[in-house]
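Residue numbering restarts at 1 for every chain, and letters A, B, ... go by the order of the sequence lines.
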Number of protein chains: 2
Amino acid sequence: MVETQVGHKTRSVEQNIFDAAEEIFHEHGFDGARMQEIADRAGINKAMLHYYFRSKDRLFQTVFSAALDRMLQRIVEPLASDLPLGIKIRRFVETYVDELHRHPKMPGFIITELNRHPERLKEAALKHIVPVLPKIQEQIDESVGEGRIKPVEAEDLIVNLVSLCTFPFLARPVMQAVLGADPSRYDAFLDKRKTSITDFVFNALQT
Amino acid sequence: MVETQVGHKTRSVEQNIFDAAEEIFHEHGFDGARMQEIADRAGINKAMLHYYFRSKDRLFQTVFSAALDRMLQRIVEPLASDLPLGIKIRRFVETYVDELHRHPKMPGFIITELNRHPERLKEAALKHIVPVLPKIQEQIDESVGEGRIKPVEAEDLIVNLVSLCTFPFLARPVMQAVLGADPSRYDAFLDKRKTSITDFVFNALQT
DNA sequence: GTCTATATAACGATAGAC
DNA sequence: GTCTATCGTTATATAGAC
């Protein structure tokens with residue numbers, strides 16, 4: 001019983017550290033993050049960070065891998081399903097934009113850190129995403145054969161979808177200012193885009 | 001003549017420092033950049049950086065403002081012209097993607113630093129961009145009235161165009177891996193997108 | 001203007017008591 | 001496991017000779 005309690009307590013502290021590290025790293029990146037700030041937010045001492053994660057680099061790796069895996073999963077999951085192409089696109093945009101609303105800083109975090117250290121992208125993280133491309137291409141070719149949509153490369157279609165959804169979150173400070181919108185109006189704009197992106201893509205594909 | 005020489009020499013050293021700082025800041029961001037590395041690349045001593053720019057923060061501000069102004073100009077210039085909407089779109093995509101090929105790291109640099117310090121976005125930088133929106137909206141409404149294109153918000157169209165062009169450069173490490181492409185093939189993909197983006201947008205607008 | 005040498009502060013990490 | 005105290009290093013920035 002004592003061991004179980006200790007076990008639980010340990011897991012809990014480790015989780016507190018992870019959660020705190022996630023917030024700080026997502027906000028400031030690796031270079032801008034301070035171990036002291038993570039410790040403060042976790043409500044523990046700086047030495048504890050090293051006790052549980054040995055080094056700043058290891059702690060970061062843990063946070064980064066979790067973020068990358070989560071984002072890739074959120075992108076692949078709806079695209080890998082067996083739904084018809086149109087439903088699949090609509091479903092992807094809705095679920096992915098919702099995810100971005102929940103974690104607006106994740107794409108910027110991942111992209112910045114990956115540009116600075118491309119070696120952090122492990123092969124394993126991509127295993128489930130590569131086979132999705134040929135599958136989508138099949139669906140496209142099928143619909144094209146039936147004369148229902150215009151021909152398009154699967155690569156382009158997916159890159160377009162992800163770009164249209166992600167970029168307005170990434171570039172929020174500039175875009176919000178350019179559109180002359182306050183934060184809540186820009187949030188509304190982002191959410192409204194769930195339908196406007198879908199319409200835009202559907203129109204582009206329509207024969 | 002001596003003063004002129006000194007003047008030239010001074011401007012040249014200052015320019016060397018700026019160029020070096022630009023490379024380092026664009027690559028590592030503010031937090032990751034080291035004054036020593038900038039000095040090394042400029043071929044001068046670390047103390048000189050402070051002699052010419054007083055502090056790391058001031059040197060960064062100079063580099064950042066230059067980057068932001070340049071990017072905004074490259075986006076606004078073709079959009080603010082008097083060309084017909086279709087030509088304008090094609091022209092924008094071509095010139096903007098070319099600019100991105102020349103400076104692939106600028107969008108990531110600007111976006112990262114602006115997310116961390118939104119206060120760095122001065123009102124002045126946006127003065128020339130805000131009036132562009134109503135103008136494009138006019139052009140859209142006109143073409144819609146003539147039954148040549150589908151109705152669309154100018155905000156959405158511009159955000160879509162910038163997203164489609166910029167994101168594949170921003171997320172290069174992930175996207176290149178996902179598409180299973182080597183660097184040169186991904187460069188070809190990016191360049192080919194100049195026409196595929198234009199086609200995609202034209203199709204989306206087509207009645 | 002340009003250098004060397006150094007001040008000052010902050011960071012990641014560890015030692016050692018409890 | 002958790003703390004305090006501190007080590008060793010590195011960062012920005014400055015002082016002062018030339």
Less than 4.0 angstrom between a side-chain N/O of B:Y52 and OP1 or OP2 of C:dT2, yes or no? yes
Separation of B:Y51 atom OH from C:dC3 atom P, in whole Å? 12 Å
Does C:dG12 have OP1 or OP2 sitting under 4.0 Å from an N or O in the side chain of A:R34? yes
C:dC3 P sits how many Å from B:Q36 CD, rounded? 12 Å
Pick the closest DNA chain C nucleotide for B:G43 and for B:K46 by heavy atoms, then say which residue is nearer the 5' end. B:G43
For A:A39, report the nucleic acid contact type (base, sugar-phosphate, nothing); a contact means any heavy atom under 4.0 Å. nothing
Could you tell me the separation between the CE atom of B:M48 and the C1' atom of C:dT4, rounded to a whole number of Å? 14 Å
Which nucleotide sits closest to the side chain of A:A47: D:dT2, D:dT4, C:dC3? D:dT4
Using whole Å, report how far CD1 of A:I38 lies from P of C:dC11. 12 Å
Would you say the side-chain atoms of A:Q15 and A:D19 include a donor-acceptor pair closer than 3.5 Å? yes
Atom CD1 of A:I44 and atom P of D:dG1: how far apart are they, to the nearest Å? 14 Å
Taking the six-membered ring of A:F30 as reference, does the cationic atom of A:R120 (NZ for Lys, CZ for Arg) lie under 6.0 Å from its centre and within 45° of its axis? yes
Nearest-Å distance, CG (B:L49) to P (D:dT14)? 13 Å
What contact category does B:M35 fall into here, base, sugar-phosphate, or nothing, at under 4.0 angstrom with non-hydrogen atoms? sugar-phosphate
Check: A:F25 ring centre within less than 6.0 Å of A:F60 ring centre: yes
Phosphate OP1/OP2 of D:dT14: any B:H50 side-chain N/O under 4.0 Å: no
Residue of the set A:P168, A:P107, A:S163, A:C165 for which side-chain contact (heavy atoms from CB on, under 4.5 Å) holds with B:F167: A:S163
Could you tell me how far apart B:R58 (CZ) and D:dT12 (P) are, to the nearest whole angstrom? 17 Å
Please give, in whole Å, the distance from D:dT14 C1' to B:K56 NZ? 17 Å
Closest non-hydrogen atom pair between A:V152 and A:Q137, with its separation: O-NE2, 3.6 Å
